[in-house]
Engineer: 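Quick one: the structure is below, and I'll ask about it shortly.
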Protein chains: 2
Amino acid sequence: MSKAEKSTFYKDAEQLMVAVDCIIFGFDKDQLKLLLFKRKIYPFKNKWSLIGSFVNRKENVDSAANRVLAEYTGLTNVFLEELGCFGKYNRDPAERVVSIAHYALIRLDEQKLELAESHEAHWFDVDEIPKLILDHNEMVTHALEELRRKARYQPIGFELLPEKFTIPQLKNFYDSIYQKELDRRNFRKRILAMDILKKLDEKDKSTSRKGAFLYQFDKKKYKKLVAEGFNFIV
Amino acid sequence: MSKAEKSTFYKDAEQLMVAVDCIIFGFDKDQLKLLLFKRKIYPFKNKWSLIGSFVNRKENVDSAANRVLAEYTGLTNVFLEELGCFGKYNRDPAERVVSIAHYALIRLDEQKLELAESHEAHWFDVDEIPKLILDHNEMVTHALEELRRKARYQPIGFELLPEKFTIPQLKNFYDSIYQKELDRRNFRKRILAMDILKKLDEKDKSTSRKGAFLYQFDKKKYKKLVAEGFNFIV
DNA sequence: CCAAAAGTGTTATCGCTACACCCATGA
DNA sequence: TCATGGGTGTAGCGATAACACTTTTGG
């Protein structure tokens, strides 16, 4: 189909701009964090903002989200999912922009800090998010709710922790997500009962004299369980 | 901010078309159904399709979804939620169109049939969906998964059944959603234990000689329970 | 030797599942 | 009177929550 032909379809439809915005979560020392940066374009230049970009004509929406994520963190192949569409006609005073919000989970230790810094980015504790531009605070609120929901049914904790992690570390993550302290013993029992962790011979002694054994997430076993109809629930 | 000023922002961003498509569910006699119609515009004119529309510049995305729903069913104030963005750059061969899929739950008895018919619409059993245009079959698959997921945590059955319904009717809905037969006695116990149904003095005798008592969903009680942190689980 | 976190087992309770019988009624 | 779907109660089992003591080791 030639270009000339194409343009005859849908000719009464109005065109508008489509953007992606990314809520980027990280986890460090019992604390869930969010990556924000100072906007580089007008309006709202230099205000705190989520990272985002316009979607190009020849680019998938999810590709655009992956593109900005790579641009700001240097990471590819990270956990990145759609959060939802923010489509109020007047959400951006400058232009009509429909934004497809996405959220990402990344490992802080793998992130390229110099990239983030070159974009004037900063990691904020989730309970200390500043006022953001447009409807970005609303996006963050949605993303947090979705993260909590998701954490019940998928082992997303593993996306945020380092490759090797201890069970107390994992518990810290869930404690911070659910904003309450789970029972140590029951938590360990449940997690181990799922049989998706590989125990290593190493210990992490950074938080106690005794040290805690390191574990790795066993993706193969997890996928097998999911295929068999298994529900990860903490 | 004047129009002239506005156009100077984001001037390097490419514009594209944004559409909404609606997966409309109904329920009738133990059977989940879907409203489809014959597309009226080229390309794919006269092929089976979801209902949809382009989003206008001065219109919220969700307003557009509500607009088409009203246009095709005559209904307003129905359950309508976003399903997700379908944003592959080549999903429509005619033009670059990003579609925000929505799903709706409507009561078949309230629907204006003549409106649907004037649009050459037809109700299909969900297990007899024909081949649809573009990625619409994929949208339907997602919508069904979302419906099943949602049915666990929100009392959406009530959106699809008539105002007054019997418990066996409600059970039929869940049976058809989950594609297996729940236990009659346990189902009734669980539903009643939630204390969100008002028992009426009337009976529906259309399916048995004895007749089954009619109930109504008590939205106030339900909202109160949700506010107190209650999880509807069937 | 002691402080501080890691690791381990048992018991009681609750919720869910499975299951069988009676009821109301129109034909 | 009987066939058909509607309505009810209970016992057993499994999963979960609550809970206390031992282990390790650096300082």
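By convention in this document, chain letters (A, B, ...) are assigned in the order of the sequence lines, proteins followed by strands, and residues within each chain are numbered from 1. Fair warning: this is a prediction, and the values are worked out from it, not measured in the lab.
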Engineer: If you check the A:Arg185 side chain, which of D:dG6, C:dG7, D:dC19 turns out closest?
Structural biologist: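 Among D:dG6, C:dG7, D:dC19, the one nearest the side chain of A:Arg185 is D:dC19.
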
Engineer: Return the value, rounded to whole Å, for the distance between atom OH of A:Tyr215 and atom C1' of C:dG7.
Structural biologist: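 The answer, rounded to whole Å, is 9 Å.
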
Engineer: Distance check needed: C:dC23 P versus B:Phe213 CZ, whole Å only.
Structural biologist: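 Between P of C:dC23 and CZ of B:Phe213: 15 Å.
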
Engineer: Let's see if you can work this out: which of D:dG7, C:dG9, D:dG5 has an atom nearest to the side-chain heavy atoms of B:Thr207?
Structural biologist: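 Out of D:dG7, C:dG9, D:dG5, the nucleotide with an atom closest to B:Thr207's side chain is D:dG5.
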
Engineer: Mind calculating the distance between CD (A:Glu202) and C1' (D:dT24) to the nearest angstrom?
Structural biologist: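 Atom CD in A:Glu202 sits about 18 Å away from atom C1' in D:dT24.
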
Engineer: Looking at D:dT24, C:dA24, D:dA20, which one has an atom nearest to any side-chain atom of A:Lys210?
Structural biologist: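 For the A:Lys210 side chain, the nearest candidate turns out to be D:dT24.
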
Engineer: Taking atom P of D:dA17 as reference, at what distance in whole Å does atom CZ of A:Arg190 sit?
Structural biologist: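 Computing the A:Arg190:CZ to D:dA17:P distance gives 5 Å.
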
Engineer: Whole-Å distance between C:dA6 P and A:Lys199 NZ?
Structural biologist: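 These atoms are roughly 13 Å apart.
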
Engineer: Classify the ring geometry between A:Phe25 and A:Tyr103 as parallel (under 30°), tilted (30 to 60°) or perpendicular (over 60°).
Structural biologist: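 Answer is perpendicular, since the angle exceeds 60°.
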
Engineer: Looking for any heavy atom pair under 4.0 Å, which part of the strands does B:Arg184 touch: base, sugar-phosphate only, or nothing?
Structural biologist: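 The residue B:Arg184 makes base contact.
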
Engineer: What about B:Phe232 and B:Tyr153, are their ring centers closer than 6.0 Å?
Structural biologist: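 Between B:Tyr153 and B:Phe232, which both carry aromatic rings, the centre distance is not below 6.0 Å.
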
Engineer: Are the side chain of B:Arg39 and the backbone N or O of B:Trp48 linked by a donor-acceptor pair below 3.5 Å?
Structural biologist: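 Side chain of B:Arg39 to backbone of B:Trp48, a donor-acceptor pair under 3.5 Å: no, none is there.
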
Engineer: Starting at atom CG of A:Asn186, determine the distance to atom C1' of C:dT8, rounded to an integer number of angstrom.
Structural biologist: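 It is 12 Å, rounded to the nearest whole Å.
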
Engineer: Starting at atom CG of B:Asp204, determine the distance to atom P of D:dT4, rounded to an integer number of angstrom.
Structural biologist: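 Rounded to the whole Å, the gap is 19 Å.
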
Engineer: State whether a side-chain donor-acceptor pair under 3.5 Å links A:Asp21 with A:Ser99.
Structural biologist: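 Checked: A:Asp21/A:Ser99 side chains pair up, N/O donor to acceptor below 3.5 Å.
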
Engineer: Atom CZ of B:Arg209 and atom C1' of D:dA3: how far apart are they, to the nearest Å?
Structural biologist: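 Nearest whole value for this atom pair: 6 Å.
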
Engineer: Could you say whether B:Ser208 or A:Arg188 is positioned toward the 5' end of DNA chain C, judged by the nucleotide with the nearest heavy atom to each?
Structural biologist: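 The answer here is A:Arg188.
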
Engineer: Side chains of A:His119 and A:Lys40: donor-acceptor distance under 3.5 Å anywhere?
Structural biologist: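 A:His119 vs A:Lys40: donor-acceptor pair found between side chains.
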
Engineer: Which residue lies toward the 5' end of DNA chain D, B:Asp183 or B:Gly211, if each is placed at its nearest nucleotide?
Structural biologist: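 Of the two residues, B:Gly211 wins.
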
Engineer: How is A:Lys205 classified with respect to the nucleic acid when contacts are heavy atoms under 4.0 Å: base, sugar-phosphate, or nothing?
Structural biologist: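 A:Lys205: backbone/sugar contact only, no base atoms under 4.0 Å.
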
